[in-house]
Each structure stands twice: as structure tokens, then as C-alpha cells.
Amino acid sequence: MNELGRLEDLPQDYRDDLSALNLVPLWPSLRAVLPPAVPTRRTLPTFWSYQALRPLLMKAGELTPMDKAERRVLVLANPGHGLENMKASPAMYLGMQLLLPGEWAPSHRHTPNAVRMIVEGEGAYTTVDGEKCPMRRGDLILTPTGLWHEHEHAGDKPVVWLDVLDLPLIYYAEASYAVEGQRQTVQPGHGEQAYARGGVVPTAVFERSRKDYPMLRYPWADARASLLALAADRADLDAVQVTYVNPETGKDAQNNLGFYALMLRPGQTLRLPARSPSQVFHQIEGGTELSVGDTSGATTFTLAEADTACAPGYTAVSLRNLSADQPAFVFIADEAPFHKKLGVYENRG
Ligand SMILES: [Fe+2]
């Protein structure tokens, strides 16, 4: 590829004339915005130890009361994007959120799509669109764009969850805002009961649900049981993986980010292909060695329970279950639905 002209090759008076008319020559920047074959990625392989961050999160509980925080969160920021930009990847925001016994995080709704993956604690609820969802370790609870949600905690120990939002994307689109609201009235019905069995959906007098988000809570007990059943049924299967979907449409559970659970058999090493989206890994059970990149330049992290890591797009990843006799379970979030909407999704093998 031939060298293109540089900005400093142009006479200063010509550059000044361009600037005065809000004009910019493309050629000095062409290779930067359209690099050869592989995009420029600011996302760095990054690891967040839960054991290391937990004391700082608990300290936030002492330092900042709920009315001064509204949402008491430590953001898992990728240094490649600049910590102050609060991004794990171009489209993903991650935050560890703490709710103490007796606290209430007031009702609001916002344009970014959020999910929470429950990390520890018992006795907290999140009410989403009038559905009261218990929060237990490993549960995935959706708070999609525009739906009211609030959190309350009736237990006696701290509750922590991992928030995953498409906030950087919605903020980039200049479409990010929130609305405060009143406490919600709890309505009857639980999506995880209505859609508890694959292949059948509620059909009241031949009518299917018209809700955009018919299922809001995906209990870990059910996802785990699905993975174990799949592993037992298909001893030949390398990747024992499930996707969190909208049970009415079979499509991704949310608009822009994809959510998955993966089981590694005892001692198993699984290589995931280089795909265009960035991805996030959160250890639900067991321990996993995560290698991001190929053998020539891999970054390796050891994920213990509740640890989180992120990997840039166009990068192969391999996961090794550190236990020889127990399965390991990993929650994955990625930007695949967004890439598919843009028409840029690739799997490079
Ligand atoms: Fe929220």
C-alpha cells in the first residue's frame, strides 16, 4: 500500500483556507479510518478481579449514601478507551453495583438497554415493568430500553450485581437520557414461569404475547440445567453454549448486545473464533484460564468465581477449565446483535 500525502506536506496557507471553511483533506487520515484488513481497536484485553474490587465497592457503601449515589456503582473501565470514558468496549459499559440491606434504588427508565448478572447476595428484588424479579447468583435480569425499573433489598447481607449496558453506543448516538419515576405497582405474572419449558409458549385463546420483552428474568438454575442437559445429551459437542433469547421470537433477548452462557467440561479447552464483536467474560462457577489473542501475542487471565474480563473484536479467545473434575460456567456478553444490524458482523474462524 503506497504512502499517502501528509498534512504537513500541504502549504500552511492552504490548510488555513480549508479550516476557515470547515473543510478537511481526507488523504492524510485515510489509512487511519480505513486501515488494511483489520480495524484499529482501542479495546485492550482487561481483567477485573472481584476479590480485589469487592472491598472498594463495600467502602463505597460506607462513603456514599444511596441518596448521594442513586446507583452505587464502580465502573469496570477499559484503559484502552480512557478510564474516564467508562467503556469496557466500544458498545459495552460494565458496572459492579452494590445495594445494602434496607436500601432502595429509585424507579427510573432510560434509553440505554441494561441487564444485570447477579454476583452475590440474597433477598434483593428488582421490579421491571411491574414484574418483581428476585435476584439470585447467576440470574440474568433484563431492563430493556424504556422499561421502568427499581431495586430493593429486604435481605441482611450486601447484594452485588454486574450491570451490562449498551450505554457507550446510545451515548454516541446522542440518544442517552433517563426519566425518574414513582414506585411501580407490582403486576401478576413472571416471564420465567410462563416460558419455563422450551418449545411451548403461553397462548391465551390462540393469542401470543404482544410484549417486546416477554421474559425479564432468566434464572441461573434454569440456564445451568439447560447446559448440563445439553452436555449430557451431546458428548460429541465441543461448545456447550446457550444464548439468552426472547422466547416469543427466538431472537436475541435485547437489541444491541448478545448474552450467552457457556459450560466447559472438566479439563476442557475451548477455542472461540476471531469474530468482529468485542466480548466480555464473567465467571459464574469454577475457574477458567482465558487467553485473548493467538499464540504469538496472547494475554492470559485466570478467572476465579465472579471475576470479569474483556476481549477486543477480531481476536480469537481460548478458555481452559482449571478443574479436572468439575464443570466451569461462564457468562458471555458481546456486541454481535449490533454488528449484525450494522452488517459488519464477521466470523474469521
Ligand atoms: Fe437503570
Side-chain angles (χ1 to χ4, degrees), residues 113 115-120 122 126 128 131 133-144 161-162 164 189-203 208-209 211 213-255 257-273 275 277 279-288 290 303 305-308 317 319-323 325-334 336-337:
N113 295 274
V115 300
R116 49 212 93 256
M117 160 59 49
I118 315 309
V119 175
E120 69 165 277
E122 285 279 333
T126 185
V128 186
E131 182 175 325
C133 302
M135 303 169 100
R136 301 205 179 94
R137 172 61 182 147
D139 290 352
L140 184 74
I141 298 172
L142 311 187
T143 53
W161 62 83
L162 175 68
V164 186
H190 296 87
E192 80 262 26
Q193 296 297 330
Y195 298 96
R197 298 284 178 274
V200 288
V201 298
T203 310
R208 297 275 290 273
S209 171
K211 287 184 170 180
Y213 303 97
M215 188 161 168
L216 295 168
R217 174 174 180 250
Y218 296 73
W220 172 236
D222 292 345
R224 189 183 195 278
S226 299
L227 288 164
L228 287 169
L230 184 59
D233 184 51
R234 293 287 305 277
D236 60 311
L237 201 61
D238 277 341
V240 183
Q241 185 177 7
V242 294
T243 301
Y244 293 92
V245 299
N246 175 331
E248 287 286 347
T249 63
K251 293 182 177 164
D252 293 295
Q254 281 193 344
N255 283 326
L257 303 181
F259 306 102
Y260 320 84
L262 177 71
M263 176 183 136
L264 298 166
R265 297 176 198 271
Q268 183 185 3
T269 299
L270 176 70
R271 182 184 177 278
L272 298 177
R275 300 179 308 134
Q279 45 196 343
V280 162
F281 301 87
H282 174 80
Q283 191 78 31
I284 298 181
E285 282 180 43
T288 299
L290 177 77
L303 273 67
E305 200 177 313
D307 289 350
T308 306
V317 166
L319 301 112
R320 183 169 71 86
N321 182 354
L322 294 170
S323 170
D325 50 20
Q326 295 295 322
F329 295 95
V330 181
F331 169 69
I332 302 175
D334 77 3

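These numbers were taken from a predicted model, which means no experiment stands behind them.
The main-chain N or O of P219 is never found under 3.5 Å from a side-chain atom of R136 such that the two would form a donor-acceptor pair. Checking side-chain atoms of N246 against main-chain N and O of A253 turns up no donor-acceptor pair under 3.5 Å.
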| request: Run the numbers on R137 and V119 for side chain to side chain contact (heavy atoms under 4.5 Å, CB included), then give the verdict. | output: CA-CA 5 Å; R137 172 61 182 147; V119 175; 4.0 Å; yes

| task | Begin from the C-alpha positions of V164 and M117 and carry the test side chain to side chain contact (heavy atoms under 4.5 Å, CB included) through to its verdict. | result | CA-CA 8 Å; V164 186; M117 160 59 49; 5.7 Å; no

| Does the pair N321 and R265 meet the rule for a side chain to side chain contact (heavy atoms under 4.5 Å, CB included), with working shown? | CA-CA 7 Å; N321 182 354; R265 297 176 198 271; 5.9 Å; no

| task | Could you go through the side chain to side chain contact (heavy atoms under 4.5 Å, CB included) check for L142 and V128 one step at a time? | result | CA-CA 8 Å; L142 311 187; V128 186; over 6 Å; no

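In this structure, the separation between OH on Y213 and OG1 on T143 is 10.5 Å, given to the nearest 0.5 Å. The distance from the CE atom of M215 to the NE2 atom of H190 is 12.0 Å, given to the nearest 0.5 Å. Atom CG of L272 sits about 6.0 Å away from atom CD of Q279, to the nearest 0.5 Å. Separating the CH2 atom in W220 from the CG atom in D139 is a distance of 10.0 Å, to the nearest 0.5 Å. Considering CG of L257 and CD1 of I332, their distance stands at 13.5 Å, rounded to 0.5 Å. To the nearest 0.5 angstrom, L227 atom CG is 11.0 Å from D222 atom CG.
Residues S323 and D325 have side chains that bring a donor and an acceptor to within less than 3.5 angstrom of each other. With hydrogens and angles left out, the side-chain atoms of Y244 and Q254 include no donor and acceptor closer than 3.5 Å.
Classified by interplanar angle (parallel below 30°, tilted 30° to 60°, perpendicular above 60°), the ring pair F331/F259 is parallel.
Residues L270 and L264 are in side-chain contact: their nearest non-hydrogen atoms beyond the backbone lie under 4.5 Å apart. E131 places a side-chain heavy atom less than 4.5 Å from the side chain of E192. For the pair F329/L228, a side-chain contact is recorded, criterion being any heavy-atom separation below 4.5 Å from C-beta on. By the 4.5 Å heavy-atom criterion applied to side chains, R224 and I284 are not counted as neighbours. Between Y218 and V242, the closest side-chain pair of non-hydrogen atoms is not below 4.5 Å. The side-chain heavy atoms of V330 and L290, taken from C-beta on, include no pair separated by under 4.5 Å. At least one side-chain heavy atom of F281 sits under 4.5 Å from a side-chain heavy atom of V317. No side-chain heavy atom of S209 sits less than 4.5 Å from a side-chain heavy atom of P202.
Nearest approach of A306 to H282, heavy atoms of both residues: O-CE1, 3.3 Å. The minimum heavy-atom distance linking Q268 with D238 is given by the pair NE2-O, 2.6 Å. The two atoms that bring I141 and C133 nearest to each other are CD1-CB, 4.0 Å, heavy atoms only. The minimum heavy-atom distance linking T288 with Q283 is given by the pair OG1-OE1, 2.9 Å. Listed here is the closest heavy atom pair of P134 and R217: O-NE, 2.9 Å. Across all non-hydrogen atoms, the minimal contact from L162 to T308 is CD2-OG1, 4.2 Å.
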